[in-house]
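Let me begin by presenting the structure, written as structure tokens, before commenting on it.
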Amino acid sequence: MTTMTASGARFPDLVWLTWRQHRWSIIAAVVALGGYGVACQLVQPGRYGVSGLFESLALFAQIAAGLVAVFWGAPLLAREHEQRTHLLSWGQDVSPVRWSVSKAALLAAGAVVVATGLGLAGTAMLSRMSRPGNGPFSTWGFELWPPMQIVYALFGLALGVAVSAVARRTVPAMGITLVGFTAVRVFVAVWMRPTYLPPVRTTYPLAEQGFPIPPDALRLDFGDVDAAGRTISQSQILQCAMRGNHADFTDLAACEKKLGATQSFVDYQPIDRLLTFHLIEMGIFLLLSAGLFVLACRLVGRQGAL
Amino acid sequence: MSDGIAVTVDDLGKRYRRWPHGSVWALRHCSFELPAGVVAALVGMNGAGKTTLMSVVTGLLAPTEGAVRLGDDASRVSFVAQDKPLYRHFSVTDMLKVGASLNRVWDQRRALRWLERFQIPLDRPCGRLSGGQQAQVAFAIALGSCPSLLLLDEPLSNLDPLARREVTKELLGEVADTGLTVLLSTHVVAELGGVADHLLLLAAGTLLEQGDVDDLLASHVRYVGPRSDTSPGPGQILQARHTDRQSTFLVRLASDSAPRVDPPWTTQTVTLEDLVLVRLEMARSGVRGVAA
């Protein structure tokens with residue numbers, strides 16, 4: 001209760017404000033993380049496939065960054081605009097840009113902590129399951145790695161904040177953020193990730209069963225090649241077989257011969273590229289995050305932002 | 001009152017883009033000065049550009065053209081928006097802490113004093129206060145940040161008549177105590193009597209009238225007399241009204257000296273409300289400027 005304290009508008013003041021405004025969503029995230037850690041411990045390798053708990057937990061880790069985007073990022077500016085409180089908060093000594101950057105940075109720090117915990121718990125659970133298909137290059141193995149979880153969360157937060165600077169209404173901002181986050185994550189994971197580097201191709205005799213690729217490699221395309229080394233895709237062979245009289249597997253061998261196949265091939269990304277792939281995907285998401293953060297700051301700083 | 005200038009507004013204009021309908025000038029060619037320590041009333045009908053002007057002076061909105069210069073002793077500006085926004089889930093105490101956190105200079109006692117005067121419960125969430133109480137919290141935060149220029153957008157609109165009078169009185173007290181300059185907007189002209197000592201009259205984004213209220217009132221006079229088509233005295237006629245037997249002319253005088261008129265004509269002083277209404281009527285009927 002002092003008169004004329006000349007002490008406000010410092011970093012601890014903004015920490016207090018951020019905590020006071022977002023404490024329930026922060027507490028909810030920490031509680032969820034604790035529950036997640038406990039649930040991960042409950043997954044027993046032997047009971048895999050019985051409860052579905054393992055899949056649920058792995059799936060949750062995939063969407064957790066989306067929750068950060070929707071519940072931390074999207075309301076950050078949108079709720080201020082919606083309740084007109086930006087007219088109060090942005091008219092004080094702390095500039096709107098500093099206000100926004102401080103809050104976003106503090107929430108980003110919180111997101112890093114939560115994402116790290118989630119990634120550690122998820123990765124540990126995955127390694128205990130130790131079955132083929134959960135390797136480090138599998139979708140879950142790749143995405144649950146803690147540094148990946150961190151960049152996804154940062155991207156989610158940046159996307160949410162940028163959308164909220166444009167949309168200015170909480171619920172639409174949350175919706176747009178959810179759709180945008182899902183679209184980018186799926187696009188990168190499904191269409192971009194397999195092609196960060198040209199795949200390694202290995203060929204093997206036509207009749208051989210199974211794929212002769214090193215353990216833990218990420219398997220991509222497979223099919224046949226002809227004598228000149230041209231690719232004969234699986235769909236070409238299947239189309240040929242379906243034109244035949246009886247579409248069964250005996251036709252497949254005949255079609256392979258007819259199309260001039262001499263060998264089978266399989267494309268894959270070897271496991272020693274894992275770190276490179278992680279770095280490439282982290283780079284993509286960090287660049288996107290930085291761009292979105294800058295965009296949000298410019299929108300807030302443009303002043304016409306009322 | 002100090003002799004300085006609190007704020008100088010120079011040829012200010014603000015254009016809003018209204019996609020896809022082109023753009024609209026909400027404010028155009030606005031120039032005025034406010035002496036430090038005055039209570040200035042920004043009067044205009046709804047949509048005249050009052051909020052835009054206040055937002056630009058506050059710095060929340062960038063002008064499209066022109067500039068706002070704050071006086072040397074008026075570097076701190078505080079703005080209370082029309083809807084008196086507060087964080088609904090914050091207690092009143094927390095709201096004051098927000099004010100303290102976001103300002104380099106903060107006077108907690110001054111803010112608390114205001115709240116005590118109006119008996120605002122400090123521990124209640126702002127969302128559960130009445131509209132009038134919320135307005136008081138917003139005023140307390142604005143005063144706590146020790147402004148030298150305080151902008152209040154429709155400050156009295158949420159208050160009951162008794163609270164209006166008390167808020168006005170306390171604000172005038174703050175002005176007298178601290179040399180604070182106040183710019184308050186209103187579309188209720190009757191609220192201004194005895195409050196404003198400076199007038200800014202805004203219509204359709206342009207200033208129709210501005211200046212010291214006493215000077216403005218001294219330079220206008222009303223002639224009342226028998227039915228006549230011509231004015232009995234000097235001055236530019238702003239409004240002429242005729243009944244079957246009586247004519248009334250409201251005129252603007254070239255000098256402040258009260259003119260004499262021959263009986264049976266009499267002169268009457270003009271109130272601020274009269275003047276504002278006449279000028280707004282003229283603006284509506286298309287008379288843009290009046291030569292002084």
Side-chain angles (χ1 to χ4, degrees), chain A residues 1-28 75-103 106 166 168 170 298-306, chain B residues 14-17 26 51-52 54-64 75-91 93-113 126-127 134 137-138 141-142 144-147 150-151 153:
Chain A
M1 302 290 158
T2 51
T3 301
M4 289 288 195
T5 51
S7 56
R10 292 168 311 165
F11 186 65
D13 300 306
L14 293 169
V15 175
W16 174 81
L17 181 65
T18 308
W19 165 249
R20 179 63 189 79
Q21 271 194 286
H22 301 277
R23 59 187 182 185
W24 291 114
S25 53
I26 294 170
I27 288 170
L76 188 76
L77 300 170
R79 187 167 292 155
E80 301 283 338
H81 278 288
E82 194 168 78
Q83 302 189 346
R84 315 276 298 155
T85 42
H86 65 302
L87 295 175
L88 174 85
S89 298
W90 298 358
Q92 314 294 327
D93 284 345
V94 172
S95 75
V97 171
R98 186 167 163 231
W99 182 95
S100 311
V101 168
S102 306
K103 286 184 70 165
L106 288 164
V166 178
R168 298 187 181 184
T170 310
R298 292 187 70 125
L299 285 170
V300 169
R302 211 181 46 182
Q303 277 191 322
L306 284 196
Chain B
K14 176 66 195 177
R15 186 178 54 204
Y16 290 113
R17 298 193 187 286
T51 300
T52 300
M54 292 196 132
S55 304
V56 172
V57 172
T58 309
L60 282 168
L61 208 56
T64 310
S75 52
R76 297 189 62 76
V77 181
S78 217
F79 174 56
V80 178
Q82 187 169 357
D83 19 22
K84 320 288 184 300
L86 301 169
Y87 292 112
R88 301 180 52 78
H89 302 293
F90 282 35
S91 69
T93 307
D94 279 344
M95 270 324 298
L96 291 192
K97 199 166 176 199
V98 170
S101 300
L102 292 178
N103 285 289
R104 279 184 287 277
V105 182
W106 176 257
D107 189 339
Q108 177 81 0
R109 263 199 233 159
R110 191 174 177 187
L112 281 174
R113 215 161 45 222
C126 292
Q134 289 178 358
V137 177
I141 295 167
S145 69
C146 303
L150 176 60
L151 296 104
D153 198 357

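Residue numbering restarts at 1 for every chain, and letters A, B, ... go by the order of the sequence lines.
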Item to check | Atom pair OG (B:S78) and CD (A:Q92), whose distance is rounded to the nearest 0.5 Å | outcome: 5.5 Å
Next on the checklist: At a 4.5 Å cut-off on heavy atoms, which part of A:E80 comes close to chain B: side chain, backbone, both, or neither?
Outcome noted: side chain
Checklist entry - Where do A:R20 and B:H89 come nearest, in terms of heavy atoms and distance? => result NH2-O, 3.0 Å
Checklist entry - Considering only heavy atoms, which portion of B:K84 lies under 4.5 Å from any heavy atom of chain A: side chain, backbone, both, or neither? => result neither
Item to check | Heavy-atom contact with chain A under 4.5 Å, split by part of B:F90 | outcome: both
Checklist entry - Is there a side-chain contact between A:L87 and B:D153 (heavy atoms, below 4.5 Å)? => result no
Checklist entry - Non-hydrogen atoms of chain A under 4.5 Å away: do they reach the side chain of B:M54, the backbone, both or neither? => result neither
Next on the checklist: Out of B:L86, B:D94, B:L102, B:V56, return the one with the most heavy atom pairs under 4.5 angstrom to chain A.
Outcome noted: B:L102
Item to check | Pairs of heavy atoms under 4.5 Å with chain B: top-ranked of A:T85, A:L88, A:L17 | outcome: A:T85
Checklist entry - With sequence neighbours left out, what residues match B:R15 under salt bridge (Lys or Arg N to Asp or Glu O under 4.0 Å)? => result none
